[in-house]
Number of protein chains: 2
Amino acid sequence: MAPPSGPVRAPEATGGDAGTRIKAARKEVGLTQQGLAAAVGVSRQTIIAMESGDYAPSVYLAIKVARALQAPVERIWG
Amino acid sequence: MAPPSGPVRAPEATGGDAGTRIKAARKEVGLTQQGLAAAVGVSRQTIIAMESGDYAPSVYLAIKVARALQAPVERIWG
DNA sequence: TCTTAACGTCAAGTCAACTTAACATCGGGG
DNA sequence: CCCCGATGTTAAGTTGACTTGACGTTAAGA
């Protein structure tokens, strides 16, 4: 019987900060949520979840989002 | 009925390259698989999967691995 | 007032990122 | 030969990253 597992998430001390940074950077580059979703190839719901919740995207999605927002991955999620 | 979904994975053109880079970088810094697993806080099986398969870690795990391997996330998975 | 775009919330489905455990193989040294 | 460390493979479980759909709220403009 395996213990709880699943994707590695944000450390507690930084939980939720990435979402705030994503939202700020998105506005900085002048994109709507739907615009960012289209730019990186995911649904709007995914962008909403990323901005508002404790959410750990796959590294490939994170890289796409970081490029759209003109920042390195580490600056948003690190 | 939702279409297929799940974590965003590597684009087909680059599938598998990250694993090769992780393995090379790990040896470069002189870590075993178990050593890297302990350093980033995951199981050895996860490192094996990352190095050998089409695998998309969460961005938080990717950042930890990239730090242990002394490289930016984009250089390994981008 | 109405209209529209943007954002927020909820629901239920598919897919895979993680886990432990156990066994097998490989390579090097005694 | 045996031993040990490192690596590879398989299995089955939990958790959550994604999807579409639908509805509600907010803000700005006509």
Side-chain angles (χ1 to χ4, degrees), chain A residues 1-12 14-66 68-69 73 76-77, chain B residues 1-12 14-66 68-69 73 76-77:
Chain A
M1 183 65 83
S5 60
V8 174
R9 309 184 66 184
E12 281 209 12
T14 67
D17 289 356
T20 308
R21 285 192 289 272
I22 291 167
K23 193 166 189 177
R26 175 173 61 80
K27 291 182 176 181
E28 190 74 24
V29 299
L31 285 172
T32 60
Q33 293 180 334
Q34 182 57 55
L36 178 57
V40 305
V42 296
S43 68
R44 184 177 68 92
Q45 257 71 35
T46 302
I47 301 298
I48 292 169
M50 232 184 281
E51 291 191 348
S52 59
D54 182 21
Y55 185 96
S58 79
V59 65
Y60 295 105
L61 176 53
I63 286 171
K64 284 182 172 184
V65 169
L69 302 183
V73 166
I76 298 174
W77 284 279
Chain B
M1 184 63 85
S5 61
V8 173
R9 309 184 65 181
E12 283 210 11
T14 67
D17 289 357
T20 308
R21 286 192 288 270
I22 291 166
K23 193 166 188 175
R26 174 172 61 80
K27 292 181 175 180
E28 190 73 22
V29 298
L31 284 171
T32 62
Q33 292 181 334
Q34 182 56 56
L36 178 57
V40 304
V42 297
S43 68
R44 185 176 67 90
Q45 257 67 37
T46 301
I47 301 297
I48 292 169
M50 233 183 280
E51 291 190 349
S52 59
D54 181 20
Y55 185 95
S58 79
V59 65
Y60 294 106
L61 176 53
I63 286 172
K64 285 181 171 183
V65 168
L69 301 184
V73 165
I76 298 174
W77 285 278

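Reminder, nothing fancy here: chain letters follow the sequence lines and each chain counts from 1. Computed from a prediction, not measured in an experiment: that's the story for all the values here.
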>> Just the rounded figure in Å: distance from P of C:dT19 to CZ of A:Arg9.
In response: 14 Å
>> Just to be sure I understand the rule, does A:Ser43 reach a base, reach only the sugar-phosphate, or reach nothing, if contact means heavy atoms closer than 4.0 Å?
In response: base
> Atom NZ of A:Lys64 and atom P of D:dC18: how far apart are they, to the nearest Å?
Replying inline: 11 Å
> Which is true for A:Lys27 with a 4.0 Å heavy-atom rule: it touches a base, it touches only sugar-phosphate, or it touches nothing?
Replying inline: nothing
> Hey, are the side chains of A:Leu36 and A:Val29 touching, using non-hydrogen atoms and a 4.5 Å cut-off?
Replying inline: no
> Are the side chains of A:Leu61 and A:Thr46 in touch, meaning some heavy atoms are under 4.5 Å apart?
Replying inline: yes
>> Closest-nucleotide mapping onto DNA chain D: is B:Ser58 or B:Gln33 further toward the 5' terminus? I mean the 5' end.
In response: B:Gln33
> Per the atom types in the model, does the base of C:dG13 pair as donor or acceptor with the side chain of B:Ser5 at under 3.5 Å?
Replying inline: yes
>> Donor-acceptor pair, distance only, cut-off 3.5 Å: does the side chain of B:Arg26 make one with the backbone of B:Leu31?
In response: yes
> Do B:Lys64 and B:Val42 have side-chain heavy atoms sitting under 4.5 Å apart?
Replying inline: no
>> Counting the atoms with a prime plus P, OP1 and OP2 as sugar-phosphate, which does A:Ala49 contact under 4.0 Å by heavy atoms, base, sugar-phosphate, or nothing?
In response: nothing
> How is A:Thr46 classified with respect to the nucleic acid when contacts are heavy atoms under 4.0 Å: base, sugar-phosphate, or nothing?
Replying inline: base
> Taking CG from A:Leu36 and P from C:dG8, how many angstroms apart are they, rounded to a whole number?
Replying inline: 13 Å
>> Tell me the interatomic distance from B:Tyr60, atom OH, to D:dA17, atom P, rounded to whole angstroms.
In response: 9 Å
> Does the A:Ser58 side chain pair with the main chain of B:Val8, one donor and one acceptor, at a distance under 3.5 Å?
Replying inline: yes
> Is the number of heavy atoms from other residues, nucleotides or ligands under 6.0 Å of A:Glu28 CD greater than 12?
Replying inline: no
> Out of C:dG8, C:dT19, C:dC15, which nucleotide sits closest to the side chain of B:Pro7?
Replying inline: C:dC15
>> Do B:Trp77 and B:Val65 make a side-chain contact, defined as non-hydrogen atoms from C-beta onward lying under 4.5 Å apart?
In response: yes
> So, is B:Lys23 near the phosphate of D:dG8, with a side-chain N or O under 4.0 Å from OP1 or OP2?
Replying inline: yes
>> Whole angstroms only, please: what is the CD-P distance between B:Glu51 and D:dG8?
In response: 7 Å
> Separation of A:Trp77 atom CH2 from D:dA17 atom P, in whole Å?
Replying inline: 13 Å
> Rounded to whole angstroms, how far apart are CG on B:Leu61 and C1' on C:dT19?
Replying inline: 13 Å
> Start at the 5' end of DNA chain C and walk down; is the nucleotide closest to A:Thr32 or to A:Gly6 reached first?
Replying inline: A:Thr32
> Where do A:Ile76 and A:Arg21 come nearest, in terms of heavy atoms and distance?
Replying inline: O-NH2, 2.6 Å
>> Whole angstroms only, please: what is the CE-P distance between B:Met50 and C:dA16?
In response: 17 Å
Any protein N or O atoms within reach of nucleotides 21-23 of chain C? Criterion: under 3.5 Å, listing atom names and distances.
unit_1	atom_1	unit_2	atom_2	d
C:dA21	N6	B:Gln45	NE2	3.0
C:dA22	N6	B:Gln45	NE2	3.1

>> Return whichever of B:Ile48 or A:Val59 has its heavy-atom-nearest nucleotide of DNA chain D closer to the 5' end.
In response: B:Ile48
